[in-house]
There are 2 protein chains.
Amino acid sequence: MDTKSRIIDISTALFQQKGYIGVGLNEILKACEISKGSLYHHFPNGKEELLIACLQSMNDVITTDIQDIFNRYPTAREATQAMIEKLTADFERDGTITGYTFSSIVSEIGALSEPIRLACASLYLNMQGIYADKLMADGLPKGAADSTALMMTAAIEGGIMLCLTQKSSGPLQTLSQVLPNTLKES
Amino acid sequence: MDTKSRIIDISTALFQQKGYIGVGLNEILKACEISKGSLYHHFPNGKEELLIACLQSMNDVITTDIQDIFNRYPTAREATQAMIEKLTADFERDGTITGYTFSSIVSEIGALSEPIRLACASLYLNMQGIYADKLMADGLPKGAADSTALMMTAAIEGGIMLCLTQKSSGPLQTLSQVLPNTLKES
DNA sequence: GTCTATAGGCAGATAGAC
DNA sequence: GTCTATCTGCCTATAGAC
């Protein structure tokens with residue numbers, strides 16, 4: 001595997017764990033076992049360019065991941081439940097949630113860097129799109145599917161935030177029971 | 001008004017707008033028109049101690065604010081709708097949402113500083129408590145009220161995040177239509 | 001393409017006069 | 001209780017050898 005891909009892979013994990021500002025360039029270099037010169041050779045615009053590459057990588061991984069789950073279950077309701085249960089399992093295992101959430105990145109520099117804000121917006125929209133497609137396949141009209149998909153995205157993002165704040169998977173576990181019910185009744 | 005209170009008031013606004021890391025000590029000093037020595041006299045433990053004082057201040061303001069809205073409307077459904085509409089109006093006016101969300105603060109240092117994480121957790125629980133009380137007054141049993149209140153908190157927090165990411169009040173506007181319906185059917 | 005060395009800036013924090 | 005001056009350390013970024 002080439003150096004550039006390795007930098008992206010390792011940096012992606014670090015950004016997800018600690019946020020953009022929380023990870024220093026030196027930490028990335030150490031983790032990748034490369035030097036500063038090498039990093040700036042592959043990413044001439046420095047840390048911000050690296051983050052954008054990482055966001056694209058996250059986009060691919062997360063979209064594939066969610067799409068896979070939504071293909072495996074017959075209805076949006078069951079798929080949602082399975083997805084949230086996967087998140088809680090991740091949290092129980094790792095003590096943190098590394099995927100599906102970019103709130104730390106948005107909060108830190110979304111307001112400062114337009115390219116990064118746009119990359120995050122695209123990520124959220126991709127997730128939301130998968131939910132909406134499944135809801136339409138279930139028979140919901142487009143408008144209702146879009147609204148419901150938006151609420152799912154917001155609730156899951158907020159649920160992850162609550163889990164991190166409380167250091168407990170409780171909020172997501174509760175959501176996995178409540179949220180699918182609201183889908184059923186839509 | 002004494003210096004300490006003025007520092008807290010001004011810093012609270014800055015932290016809400018730009019997050020914890022986004023605001024430097026020098027910016028706070030300039031906004032408050034004080035010197036570094038003065039700030040460290042009132043907050044010997046520096047920036048972190050100041051943030052905790054600000055979080056307590058936010059807690060008071062936000063709790064009072066939400067409680068006020070929830071007292072003014074007969075049901076949780078109507079109160080929720082009114083609250084979200086207030087948020088969207090704020091967003092339209094200021095271009096940002098300063099209250100009701102601490103996600104940026106949680107994301108930035110919640111994982112690093114235990115006192116700050118706990119202060120944020122307490123804030124979320126207070127909001128959730130107001131929602132739950134109103135839902136119980138509407139006739140929901142305690143368990144269902146707690147679950148629903150959690151979903152409301154998560155959805156609103158996530159909705160704010162989506163608005164900031166998309167630079168649009170659209171997500172919250174959609175939520176103000178979808179979320180109350182899920183309450184109605186609970 | 002990778003390295004070392006270093007620049008230059010700004011952060012948070014401290015000391016001590018008044 | 002407020003001030004100014006200063007310290008130390010970390011950050012991103014660059015220059016230039018190999």
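Just so you know, these numbers come straight off a predicted model, no measurement behind them.
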Exercise. Over its full length, what angle do the end axes of the helix from C:dG1-D:dC18 to C:dC18-D:dG1 make, each axis taken from five pairs and the result rounded to 10 degrees?
Worked result: 0°

For this session: Quickly work out the A:His41 NE2 to D:dC18 C1' distance and round it to whole Å.
Result: 15 Å

Problem set entry | Donor + acceptor pair across side chains of B:Glu48, B:Ser113 (<3.5 Å) | yes

For this session: Give a yes/no on whether any side-chain N or O of A:Thr3 is located under 4.0 angstrom from OP1 or OP2 of C:dT2.
Result: yes

Seminar exercise, completed: A:Glu27 atom CD is separated from D:dT12 atom C1', nearest whole Å, by 15 Å

Exercise. Can you list the residues that meet the side chain to side chain donor-acceptor pair (under 3.5 Å) rule with A:Lys36, with sequence neighbours excluded?
Worked result: A:Asn26

Exercise. Counting N and O atoms only, with roles assigned by atom type, does the side chain of A:Lys4 sit under 3.5 Å from a partner on the main chain of A:Leu39, one being a donor and the other an acceptor?
Worked result: no

Exercise. Are the side chain of B:Ser147 and the backbone of B:Gly143 linked by a donor-acceptor contact shorter than 3.5 Å?
Worked result: yes

Exercise. Taking the side chain from A:Thr80 and the backbone from A:Ala76, do they hold a donor-acceptor pair closer than 3.5 Å?
Worked result: yes

For this session: Could you tell me whether the side chain of B:Ser122 and the main chain of B:Leu118 form a donor-acceptor pair under 3.5 Å?
Result: no

Exercise. If you count the non-hydrogen atoms of other residues, nucleotides and ligands that lie under 6.0 Å from CD in A:Glu114, is the total more than 12?
Worked result: yes

Problem set entry | Distance-only side-chain donor-acceptor flag, A:Gln67 / A:Thr63, under 3.5 Å | no

Problem set entry | Atom pair distance, as rounded to whole Å: CD in B:Glu33 and P in D:dC3 | 10 Å

For this session: Provide, to the nearest angstrom, the distance between the CG atom belonging to A:Leu29 and the C1' atom belonging to C:dA5.
Result: 14 Å

Please produce a list of atom pairs where a protein N or O lies less than 3.5 Å from an N or O of nucleotides 10-14 of chain C.
residue : atom : partner : partner atom : Å
C:dA11  : OP2  : B:Asn26 : ND2          : 3.2
C:dG12  : OP1  : B:Lys47 : NZ           : 2.6
C:dG12  : OP2  : B:Leu25 : N            : 2.7
C:dA13  : OP2  : B:Tyr40 : OH           : 2.6
C:dA13  : OP2  : B:Lys47 : N            : 3.3
C:dA13  : O5'  : B:Tyr40 : OH           : 3.1
C:dA13  : N6   : B:Lys36 : NZ           : 3.1

